[in-house]
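This is a predicted model, so every value here is computed, not measured.
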Amino acid sequence: MAAKESMRFPVWQGQEGEGRCQITLTLMDTGNGIHGLLTGGEKPHVGGVVLALPRPSLGGKGWSADVYITPVPGHKDVNVARTVAEMLARELRIPVVITAGIHSDHLDPEELSKIVGYCDALTQIAVAALALS
């Protein structure tokens, strides 16, 4: 797919999961990139920001992205934000900023795994939907 210079979807939003593990991904077309908000859990917040800039792969095949990460100290939200931003930038070939904040108290490993899976699923859905716009 070639880079889309002007995607022109005003806002895309998806949601996965339920209760304390529910995740929402909201993406806005800025005209020259995507600004996204990845939130969820019982206490959505700003836990960090990730910027992903697409570039041709250094291996010479396909696309990759340079990624810049700014976490709020003590927050790990940027781990899932990085995956989301990097995949969107690589697949859509446009700059992507994701602000993330996902929190529920005392999550167990199974719940954390569900949250990561929901973030991945939302990203794949978004890529498929936006590649068609």
Side-chain angles (χ1 to χ4, degrees):
M1 168 184 14
K4 292 194 175 187
E5 295 192 21
S6 180
M7 295 184 66
R8 294 297 157 217
F9 64 92
V11 175
W12 179 92
Q13 186 171 61
Q15 202 167 58
E16 289 286 325
E18 58 185 39
R20 53 194 259 114
C21 295
Q22 187 174 61
I23 303 299
T24 302
L25 177 60
T26 305
L27 303 174
M28 182 184 348
D29 178 3
T30 68
N32 193 24
I34 293 175
H35 190 181
L37 183 61
L38 180 67
T39 57
E42 297 168 323
K43 299 176 185 175
H45 61 285
V46 174
V49 178
V50 175
L51 168 65
L53 302 173
R55 62 166 170 75
S57 173
L58 297 177
K61 294 182 181 179
W63 284 79
S64 187
D66 292 323
V67 179
Y68 304 89
I69 301 170
T70 306
V72 171
H75 291 254
K76 298 180 183 178
D77 311 272
V78 291
N79 294 340
V80 289
R82 177 188 180 138
T83 302
V84 172
E86 191 170 14
M87 181 182 225
L88 288 169
R90 185 179 64 240
E91 296 298 322
L92 301 175
R93 298 184 193 168
I94 58 175
V96 177
V97 172
I98 299 292
T99 302
I102 302 166
H103 182 86
S104 289
D105 289 332
H106 312 294
L107 290 168
D108 63 41
E110 183 179 327
E111 289 172 311
L112 288 171
S113 180
K114 282 182 182 180
I115 287 171
V116 170
Y118 295 148
C119 292
D120 290 343
L122 281 170
T123 306
Q124 292 172 10
I125 294 165
V127 166
L130 301 180
L132 299 174
S133 64

Hey, quick one: are [X] and [Y] part of the same hydrophobic cluster, counting side-chain heavy atoms closer than 4.5 Å, chains of contacts allowed?
X     : Y      : value
Met87 : Val116 : yes
Leu25 : Ile94  : yes
Val46 : Val78  : no
Val97 : Leu130 : no
Val49 : Leu51  : yes

What orientation do His75 and His45 show, parallel under 30°, tilted 30 to 60°, or perpendicular over 60°? tilted

Heavy-atom pair of closest approach, residues [X] and [Y]:
X      : Y      : result
Ser104 : Glu42  : OG-N, 2.9 Å
Ala89  : Val96  : N-CG2, 3.6 Å
Thr83  : Asn79  : OG1-O, 3.5 Å
Leu107 : Glu111 : CA-OE1, 3.3 Å
His106 : Arg20  : O-NH2, 3.2 Å
Leu27  : Gly36  : CD2-CA, 3.7 Å

Short side-chain to backbone donor-acceptor contact, Thr30 and Gly33, under 3.5 Å: yes

So does Gly48 get a backbone contact from the side chain of Thr70, meaning a donor-acceptor N/O pair under 3.5 Å? no

Heavy-atom check, side chain of [X] versus side chain of [Y], under 4.5 Å:
X     : Y      : value
Thr24 : Gln13  : yes
Ile23 : Gln15  : no
Val80 : Ile102 : yes
Leu92 : Ile34  : yes
Tyr68 : Asp66  : yes
Leu38 : Cys119 : yes

Rounded to the nearest 0.5 Å, how far apart are [atom1] of [X] and [atom2] of [Y]?
X      : Y      : atom1 : atom2 : answer
His35  : Met28  : NE2   : CE    : 7.0 Å
Ile98  : Thr123 : CD1   : OG1   : 7.5 Å
His103 : Thr39  : NE2   : OG1   : 14.0 Å
Gln124 : Leu88  : CD    : CG    : 10.5 Å
Arg90  : Ser57  : CZ    : OG    : 10.0 Å
Cys21  : Glu16  : SG    : CD    : 12.5 Å

NZ/NE/NH1/NH2 to OD/OE distance under 4.0 Å, Lys43 and Asp105: yes

